[in-house]
Amino acid sequence: MLLAYRGELAEGSGAYAERRLRDPDCGGGGAARQPCCRRRGGGGGALVEPAALAALLYAGGYGYDMRKAILERTNGEVDVDVGGLYRSLRRLEDEGAVASRWCDEDVGPRRREYELTQQGVELAEQWLDALRARRRLDDLLVELLEGGLAELKRNDV
């Protein structure tokens, strides 16, 4: 699991929601992929990318610093796997959404610093739309489950 919420897997109803968010006009793969077509694999790894974009919206930086910023800004609720974060950053850089440069440090190894490009800002906006749509679907499923469980309890009495 690349992304975890305190005590819960991030996957939740993600596979269902992501299937529903898929835009038939999106075109699928390539550099022009929309959030609905990105990383639909198992687990919560798909959410590493919007977390990385969010961290970069606040400030550029190094991968480990970005992970720390995500943890701090979410009060520890969102914890991205560092390896997954770096893979996501490399993919975003290959697609032109992120730029990086090597920085020489006085102490320790050289580190790569990341920053968003305009394309990255646009991708963040697309992710925001996709996540809002996903939240609406999640809310509908919560209501459906709550209603079904309440109905079951009423019938059992």
Side-chain angles (χ1 to χ4, degrees), residues 1-23 26 29 31-143 145-146:
M1 175 60 64
L2 296 177
L3 180 73
Y5 293 91
R6 186 177 298 150
E8 299 176 63
L9 295 181
E11 186 173 355
S13 62
Y16 170 79
E18 289 176 46
R19 240 181 271 118
R20 295 274 300 144
L21 291 175
R22 214 173 291 148
D23 182 351
C26 179
R33 292 180 300 155
Q34 302 292 315
C36 59
C37 298
R38 303 174 77 82
R39 285 288 309 238
R40 287 190 307 270
L47 299 179
V48 172
E49 185 173 292
L53 291 168
L56 287 169
L57 284 168
Y58 288 97
Y62 308 113
Y64 284 97
D65 294 339
M66 291 171 56
R67 179 179 181 264
K68 183 179 175 186
I70 293 165
L71 278 168
E72 288 174 357
R73 291 189 176 275
T74 64
N75 295 319
E77 294 279 335
V78 179
D79 185 12
V80 296
D81 171 71
V82 174
L85 177 61
Y86 278 110
R87 284 188 298 277
S88 186
L89 288 167
R90 280 193 300 275
R91 188 173 52 255
L92 288 166
E93 186 170 21
D94 289 344
E95 296 172 356
V98 170
S100 72
R101 65 183 177 86
W102 286 103
C103 298
D104 291 319
E105 299 292 320
D106 293 336
V107 178
R110 293 174 62 198
R111 300 194 314 170
R112 186 170 266 185
E113 185 175 48
Y114 297 90
E115 65 183 3
L116 276 183
T117 64
Q118 182 57 40
Q119 186 177 341
V121 172
E122 292 166 6
L123 181 58
E125 291 169 345
Q126 293 169 3
W127 262 111
L128 182 59
D129 291 341
L131 290 169
R132 283 181 175 148
R134 179 180 174 157
R135 180 172 51 195
R136 285 190 298 275
L137 291 173
D138 287 346
D139 288 345
L140 287 170
L141 290 171
V142 165
E143 290 173 21
L145 288 167
E146 287 174 340

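From Tyr64, atom OH reaches atom OH of Tyr86 across 5.5 Å, with rounding to the nearest 0.5 Å. Summarising the geometry, atom CZ belonging to Arg111 is positioned 12.0 Å from atom CG belonging to Asp104; distances are rounded to the nearest 0.5 Å. Here the CD atom belonging to Glu143 is positioned 6.5 Å from the CG atom belonging to Asp139, to the nearest 0.5 angstrom.
Considering every non-hydrogen atom in both Leu53 and Trp127, the closest pair reads CD1-CD1, 3.5 Å. Of all heavy-atom pairs spanning Leu85 and Ala52, the tightest one is CD1-CB, 3.6 Å. For the pair Met66 and Gly61, the tightest heavy-atom approach, listed with the atom from each and the gap, is SD-O, 4.2 Å. Closest heavy-atom contact between Leu116 and Ala97: CD2-O, 3.5 Å. Between Pro50 and Leu131, the closest heavy-atom pair is CB-CD1, 4.0 Å.
Not one N or O on the side chain of Glu113 forms a donor-acceptor pair closer than 3.5 Å with the backbone of Cys103. Distance alone, capped at 3.5 Å, places no donor-acceptor pair between the Glu93 side chain and the Tyr114 backbone.
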Could you go step by step and tell me if Leu47 and Arg134 meet the side-chain contact (heavy atoms from CB on, under 4.5 Å) rule? CA-CA 12 Å; Leu47 299 179; Arg134 179 180 174 157; 3.9 Å; yes
Quick one: do Leu89 and Arg112 satisfy side-chain contact (heavy atoms from CB on, under 4.5 Å)? Show the steps, please. CA-CA 11 Å; Leu89 288 167; Arg112 186 170 266 185; over 6 Å; no
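In this structure, the side chains of Leu92 and Leu123 come closer than 4.5 Å at one or more pairs of heavy atoms. When side chains are defined from C-beta on, Val98 does not count as touching Thr117, because their heavy atoms never get closer than 4.5 Å. You'll find the side chain of Arg91 stays beyond 4.5 Å of the side chain of Val48, heavy atoms only.
By the 4.0 Å N-to-carboxylate-O rule, Asp81 lies too far from Arg67 to be salt-bridged with it.
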